[in-house]
Novice: 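Dropping the structure in here first, questions after.
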Amino acid sequence: MISRVRGTEDILNLHFHNFVLSKVAHHLSRFNFTEIQTPILEQLSLFVRSLGEHTDVVSKEMYTITTESGEQLCLRPEATAPTMRAFIENGIQQIPWKVFSYGPMFRHERPQKGRWRQFSQVNIEIIGSASLAQDVLLISLLDTLFGDAFLLENYILKINFLGTKEDRELHKTGLHAFLTKHEKTLCETCRVRKEKNILRIFDCKNETCQALYRTAPKITDVLSAASRQEWDEMRSMLDLLSINYLHDPLLVRGLDYYNKTVFEFSSSDLGAQNAFCGGGRYDHLSVEIGAKQNYPSMGAALGMGRLLMLVEAVKEKLQVPVQPALNLIIPMEDKQHTIALMLAQHLTTQGHCIDILLEGASMKSMMGKANKMGARHVLIIGHDEQQAGTVTIKNMQTSESKTVKQVQAGDYL
Ligand code: HAM
């Protein structure tokens, strides 16, 4: 038996999944976001240049493919760089470009609850706006999506401010001195990161390193006057909109392209992999991937698998559409198969949900199967019904039976 690839999953019924997804899409369309789609396959260099070669995603988790002609491709690990690529490559003039997309992402991580190697994200971007009010707009629309549309209660929003390149340079100097003082406490990877890409130390999962970093210099303490003003203004906008948040000075978000605002929604109901949505501002990504100018931008992605786990727990409070009631046609013998097919065609055109039981040994076993399938009615066609042009309809809840003309079956149902 060939099994599925580790860290991937088979979703055997998409009904609830599609309900959640359509609610997200509906919410985003109310905020004037348009749905787009970009390819799953991209050039490897798109991510190396944008996410950064020392990030976990690029250094350890990429699914890469080298084609016969030597092209280096990969299965996309995220959708922000592809969305920016699509914006530039298609010469989009509409600014800000407010778009969202949905689809699978691939990261070769260690699989565990809530963490897959293939997982789906709803990715939301506002490309071409420097206004921090956009950051607040996006955070606020996500907060209403989770709190009001999905009625989630147990989640928190963490925010940090990474300032400008100059702010980060200043922060890095202080951080470097701090880490040198505590060099012995650092794990092997953090020692390398300290020299190569120092902010990536915060992505370390080692508890000893994390404990040390809680006492490290904070970026928000070294912001320039202009950055400090922006950070203060953003927080006051969040306060005025009554959005609850927590300032987490250790939040840097694992990808190199961020500046200024970064944020994450997490829930203790999810276990160790508790972040179900994360994002931030990325004002220089377009130039990093080869554009002639910067397009200041902002976005977020929500992990569909993790969101589904949270919404599943409150689904009784939501109006999940019920699936249409099933009506099951049972032809007693092969001779009645054609009539069953014709009746099915007729009834589905009238809008009924129909299935036909074509493989049954005895009436008893077929009725048992109908019960298991949750049929509301069974429509039995045997020799007598075939001769008379009728069908015997049994209501599976009341056990009442009635024989009606085949042409009237739809009205009866
Ligand atoms: P990210 O934090 O890497 O950000 O991923 C966003 C969300 O995707 C996470 O909060 C999590 O819910 C989900 N996720 C990530 N990895 C996995 C995994 N292995 N298994 C299951 N779920 C996962 C980004 O991807 C950025 N592109 C977000 C963004 C958009 N920033 C600006 N615009």
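Numbering starts at 1 and runs along the sequence shown. Remember, it's 1-based here, ligands and their atoms both numbered in the order they're listed. Model, not experiment: these values are computed from the prediction.
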Novice: Provide the number and element of each atom of ligand 1 under 4.0 Å from a heavy atom of C277.
Specialist: 10 (O)
Novice: Could you tell me if any non-hydrogen atom of G305 lies under 4.0 Å from any atom of ligand 1?
Specialist: no
Novice: Give the ring-plane orientation class for F202 versus H171, where under 30° counts as parallel, over 60° as perpendicular and anything between as tilted.
Specialist: parallel
Novice: Does K402 count as lying over the ring of Y412, i.e. NZ or CZ under 6.0 Å from the six-ring centre, within 45 degrees of the axis?
Specialist: no
Novice: Are any of the N/O atoms on Y258, whether in the backbone or the side chain, positioned under 3.5 angstrom from an N/O atom of ligand 1?
Specialist: yes
Novice: Check E264 against ligand 1 and report side chain, backbone, both or neither, counting heavy atoms closer than 4.0 Å.
Specialist: neither
Novice: Salt bridge or not for K394 and E400, using N-O below 4.0 Å?
Specialist: no
Novice: Any nitrogen or oxygen of M298 lying under 3.5 Å from a nitrogen or oxygen in ligand 1? Just yes or no.
Specialist: no
Novice: With heavy-atom distances below 4.0 Å as the criterion, list the atoms of ligand 1 near G278.
Specialist: 10 (O), 28 (C), 29 (C)
Novice: With atoms numbered from 1 as shown, which atoms in ligand 1 lie under 4.0 angstrom from a non-hydrogen atom of E125?
Specialist: 30 (C), 32 (C), 33 (N)
Novice: Does only the side chain of E109 get under 4.0 Å from ligand 1, or the backbone, or both, or neither? Count heavy atoms.
Specialist: side chain
Novice: Determine the interplanar angle of the F31 and H27 rings, folded into 0 to 90°, and report it as parallel if under 30°, tilted if 30 to 60°, perpendicular if over 60°.
Specialist: tilted
Novice: One residue to check: A300. Relative to ligand 1, which of side chain, backbone, both or neither has a non-hydrogen atom less than 4.0 Å away?
Specialist: backbone
Novice: So which of Y282, F119, F263 gets nearest to atom 14 (N) of ligand 1, if we judge by its closest heavy atom?
Specialist: F119
Novice: Would you call R281 and D283 a salt bridge, taking side-chain N to carboxylate O under 4.0 Å as the test?
Specialist: yes
Novice: Does some non-hydrogen atom of S297 fall short of 4.0 Å from ligand 1?
Specialist: no
Novice: Salt bridge between D256 and R200, side-chain N to carboxylate O under 4.0 Å?
Specialist: yes
Novice: Any idea which part of L307 is under 4.0 Å from ligand 1, heavy-atom wise: side chain, backbone, both or neither?
Specialist: neither
Novice: Show the atoms of ligand 1 that are less than 4.0 angstrom away from any heavy atom in N123.
Specialist: 30 (C)
Novice: Would one find an N or O of Y257, backbone or side chain, under 3.5 Å from an N or O of ligand 1?
Specialist: yes
Novice: Please work out whether the ring planes of Y155 and F276 are parallel, tilted or perpendicular, with thresholds of 30° and 60°.
Specialist: perpendicular
Novice: Decide, yes or no, whether a salt bridge links D56 with R193 under the criterion of side-chain N to carboxylate O below 4.0 Å.
Specialist: yes
Novice: For the 3.5 Å polar cut-off, considering only N or O atoms, please tell me whether A275 and ligand 1 meet it.
Specialist: yes
Novice: Is it the case that the side chain of N160 and the backbone of T261 share a donor-acceptor pair, with hydrogens and angles ignored and the cut-off at 3.5 Å?
Specialist: no
Novice: Does F178 have its ring centroid less than 6.0 Å away from the ring centroid of H182?
Specialist: yes
Novice: Report the nearest protein non-hydrogen atom to atom 13 (C) of ligand 1: residue, atom name, distance rounded to 0.1 Å.
Specialist: G303 CA, 3.7 Å
Novice: Can a salt bridge be assigned to the pair D221 and K218 using a cut-off of 4.0 Å between side-chain N and carboxylate O?
Specialist: no
Novice: Among E78, R306, R253, which one puts a heavy atom closest to atom 1 (P) of ligand 1?
Specialist: R253
Novice: Closer than 4.0 Å to some heavy atom of T80 - which atoms of ligand 1 meet that?
Specialist: 26 (C), 27 (N), 29 (C), 30 (C), 31 (N), 32 (C), 33 (N)
Novice: In ligand 1, which numbered atoms sit nearer than 4.0 Å to a non-hydrogen atom of F276?
Specialist: 10 (O), 12 (O)
Novice: So, Y257 versus H284, ring centres under 6.0 angstrom or not?
Specialist: no
Novice: Could you identify the single nearest non-hydrogen protein atom to atom 6 (C) of ligand 1 and state the distance to 0.1 Å?
Specialist: Q121 NE2, 3.3 Å
Novice: Heavy-atom count around M342 CE within 6.0 Å, excluding the residue itself: above 12?
Specialist: no
Novice: Show the atoms of ligand 1 that are less than 4.0 angstrom away from any heavy atom in A301.
Specialist: 6 (C), 7 (C), 28 (C), 29 (C), 30 (C)
Novice: Students should be able to answer this: which protein heavy-atom is nearest to atom 20 (N) of ligand 1, and at what distance?
Specialist: W116 N, 3.0 Å
Novice: With distance as the sole criterion, is a donor-acceptor pair present between the side chains of H346 and Q406 under 3.5 Å?
Specialist: no
Novice: Which of the atoms of ligand 1 are close to G279, meaning less than 4.0 Å from one of its heavy atoms?
Specialist: 31 (N)
